[in-house]
Colleague: 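Here you go, one structure.
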Amino acid sequence: MSDSTVLAGAAASGPGFADFGRLAHQYIDGRWRTGTGSWDIIDFNPFNGEKLAAITVATVSEVDEAYRAAERAQKPWAAAGPHARRTVLEKALRITEEHTAQIVEAMCEEQGATRSKARHEVEAAAEFLREAIRLTVRPEGLIVPASQRSRENRVYRLPVGVVGVISPFNFPFLVALKTVAPALALGNAVVVKPNQNTPVTGGGLIARIFEEAGLPAGLLNVVVTDIAEIGDALIAHPVPRVISFSGSDRVGRHVGAVAASHLKRTVLELSGNSALVVLADADVDYAVDAAVFSRFVYQGQVCTAANRILVDRAVEAEFTEKFTARVRALRTGDPREEETDLGPVISDFQADALSAMVERALAEGATALVRGRTLGNLVEPTVLTGVPADSALLHQEIFGPVVVLVPFDGDDEAVRIANDTPYGLSGAVHTADAERGVNFAHRVETGMIHVNDSTVQDDPQVAFGGEKASGSGRLNGEATVEAFTTQKWISVQHGRSTFPF
């Protein structure tokens, strides 16, 4: 590699925490570099179209360099022990907290996140860092009873080695950190490929935090690239033993298939079509609050967002009146302004797709109780009802500020409608009787469901993941330990075995 490919001065001081021009680079083996591909990824502000940075894509060769650097660095890192790893993670947490304002600003610029969403993402990421600090000393070995009294069975929990991470655009900082931090805590090395819409807040910014925290070179690498340049090299490379992917089920199926053909473990967090269910005895005002948040947080670009609001006919009129009034009052605009509720969707492609989705539903016979406008990447909220049961809209993920109200008669019908989807990621049910809610939740085919709360939940200590087409594997807490470690059985024969020949 020639010196010209290294970002001048970065090795000594590193870029700032909101400096797009300097963070928008490859970060390989502890060095900030330009890629050597033949084209650039352009990082745009989705609200005003401003060009934030141009990043020359990483090639297959650079993906290989990143994985080989991770492979070299991982064993000394694992051997350093949990307390050395904990010290670095504690510094990373402190740096994140100290630079919250800059990180929030970067999120508003690159993601189109409102300030409240950006602050929530940083606060949640800090909680996951705290959990990762605890994870450094959590894995425990076992002494397992043996069939022979003279044998001792020891089971050790060890890091898998190198983890490949493919992160999404919607919560890029949080989702990448909730994978990177525990993987490092458990003694692994990591290579991250951020979404090309968020290469800084999902990649460069995280590398900068850990660089400042003193993480040894090679343990965290960020490659900004695209399948058009590298094909399946990130997944099929022989070094990583686990691939963690967050994104659509269409891409996730491909990632899972390629990884399986190379006998790699995967954690796949994929699309959702969550239902928030309002039973007849629910607190309607509170359910409205939860529904508005569950659908419209970050413009609805959230895998756990409530696509469908199911309402018992006994409270349908009251709920609909209050819900639509709240939705009409939401302000769509500049995400940097504190009073803005909804910023832009991530791209003009997504804005056009949402508009087309609504038009198709209306053509099928749906009614728009609230019909938002599309102004560039700003998509105002739309509330639909009367969507035919066979409409694709009821069975797919809606990644934007469009929601469907569906009435039902009784719990059994609500369960049937909630389960009438290929997905099963999250959900919520509202009722005055918590145990009725728990019984209802047991009947819904989903990985996560919340009684009297929003559908959008993530707790560092509780397994996060979906059923059906919403993915496989889990993260958070003990599930993270399972995902990023392996078990090794070592037996010790203290006597003499008897062999049959």
Side-chain angles (χ1 to χ4, degrees), residues 67 70-86 88-89 128-129 131-166 177-192 218-220 235-246 255-269 447 459-467 471-495 497:
Y67 274 133
E71 184 179 40
R72 288 192 302 271
Q74 185 269 325
K75 285 185 170 57
W77 175 245
H83 295 92
R85 297 195 292 272
R86 184 172 65 185
V88 172
L89 288 161
F128 276 92
L129 276 167
E131 176 64 13
I133 291 166
R134 290 189 285 269
L135 278 182
T136 56
V137 293
R138 181 174 297 180
E140 297 176 345
L142 296 172
I143 302 295
V144 179
S147 56
Q148 299 178 27
R149 292 181 60 186
S150 59
R151 176 184 293 159
E152 180 183 33
N153 286 327
R154 305 178 187 180
V155 180
Y156 295 86
R157 189 166 286 280
L158 305 173
V160 293
V162 177
V163 177
V165 178
I166 305 171
L177 258 183
K178 69 178 282 188
T179 308
V180 168
L184 291 172
L186 294 165
N188 301 288
V190 186
V191 175
V192 178
L219 287 168
L220 173 59
I235 309 164
H237 194 282
V239 165
R241 301 314 311 152
V242 176
I243 302 294
S244 178
F245 171 82
S246 297
V255 171
V258 174
S261 71
H262 292 272
L263 302 180
K264 297 179 188 292
R265 192 187 304 177
T266 55
V267 180
L268 304 174
E269 193 273 282
D459 189 308
Q461 298 179 346
V462 184
F464 183 103
E467 298 295 331
S472 62
R474 296 290 189 271
L475 288 179
N476 302 359
E478 290 302 322
T480 300
V481 177
E482 289 293 331
F484 299 140
T485 63
T486 188
Q487 295 184 73
K488 185 169 187 175
W489 172 31
I490 298 178
S491 72
V492 180
Q493 177 57 265
H494 294 289
S497 291

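All heavy atoms count here, side chains included; hydrogens, waters and symmetry mates do not.
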Colleague: R241: what forms a salt bridge (Lys or Arg N to Asp or Glu O under 4.0 Å) with it, not counting sequence neighbours?
Modeller: none
Colleague: Roughly how far, to the nearest 0.5 Å, is the OG atom of S246 from the NZ atom of K178?
Modeller: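 Atom-to-atom, K178:NZ and S246:OG are 7.5 Å apart.
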Colleague: Between Q74 and G187, is there a donor-acceptor pair closer than 3.5 Å when you use the side chain of the first and the backbone of the second?
Modeller: yes
Colleague: On a heavy-atom basis, which atom in D459 and which in F128 lie closest, and how many Å separate them?
Modeller: C-CZ, 4.1 Å
Colleague: Roughly how far, to the nearest 0.5 Å, is NZ of K488 from CZ of R157?
Modeller: 14.5 Å
Colleague: Heavy-atom distance under 4.5 Å between the side chains of N476 and V462, does that happen here?
Modeller: no
Colleague: Please name the pair of heavy atoms, one in A185 and one in A132, separated by the smallest distance, quoted to 0.1 Å.
Modeller: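 Closest approach of A185 to A132: CB-O, 3.2 Å.
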Colleague: Nearest 0.5 Å please: distance from the CZ atom of F245 over to the OG1 atom of T266.
Modeller: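 Output value for this atom pair is 11.0 Å.
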Colleague: About how many Å separate CD of Q487 and CG of L158, when rounded to the nearest 0.5 Å?
Modeller: 9.5 Å
Colleague: Of the non-hydrogen atoms in A181 and L89, which two are nearest, and what is the gap between them?
Modeller: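 Looking at all heavy atoms of both residues, the shortest contact is O-CD2, 4.0 Å.
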Colleague: Are R474 and E467 close enough for a salt bridge, meaning some N to O gap below 4.0 Å?
Modeller: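 Yes, this pair counts.
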Colleague: Could you tell me the separation between the CD1 atom of I166 and the CG atom of L268, rounded to the nearest 0.5 Å?
Modeller: 9.5 Å
Colleague: Give me the atom names and distance for the closest heavy-atom approach of H237 to Y67.
Modeller: CG-CD1, 3.5 Å
Colleague: With heavy-atom distances below 4.5 Å as the criterion, would you say the side chains of L475 and S244 are in contact?
Modeller: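 Yes, close enough: below the 4.5 Å cut-off.
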Colleague: Which heavy-atom pair separates I235 from A259 by the least distance, and what is that distance?
Modeller: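 Distance-wise, the nearest heavy atoms are CG2-N, 3.8 Å.
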Colleague: Applying side-chain hydrogen bond (donor to acceptor under 3.5 Å, both in side chains), name anything that partners E152, two or more places apart in sequence or on another chain.
Modeller: R154, H494
Colleague: Over all heavy atoms of both residues, which pair between G473 and V267 is shortest? Give the atoms and the distance, please.
Modeller: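 Nearest heavy atoms, G473 then V267: C-CG1, 4.4 Å.
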Colleague: Between R85 and T136, do the side chains contain a donor N or O and an acceptor N or O under 3.5 Å apart?
Modeller: no
Colleague: Pick one: which of V88, N188, L184 meets side-chain contact (heavy atoms from CB on, under 4.5 Å) with L219?
Modeller: L184
Colleague: Between E131 and R138, is the closest basic N to carboxylate O distance under 4.0 Å?
Modeller: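 Yes, R138 and E131 are salt-bridged.
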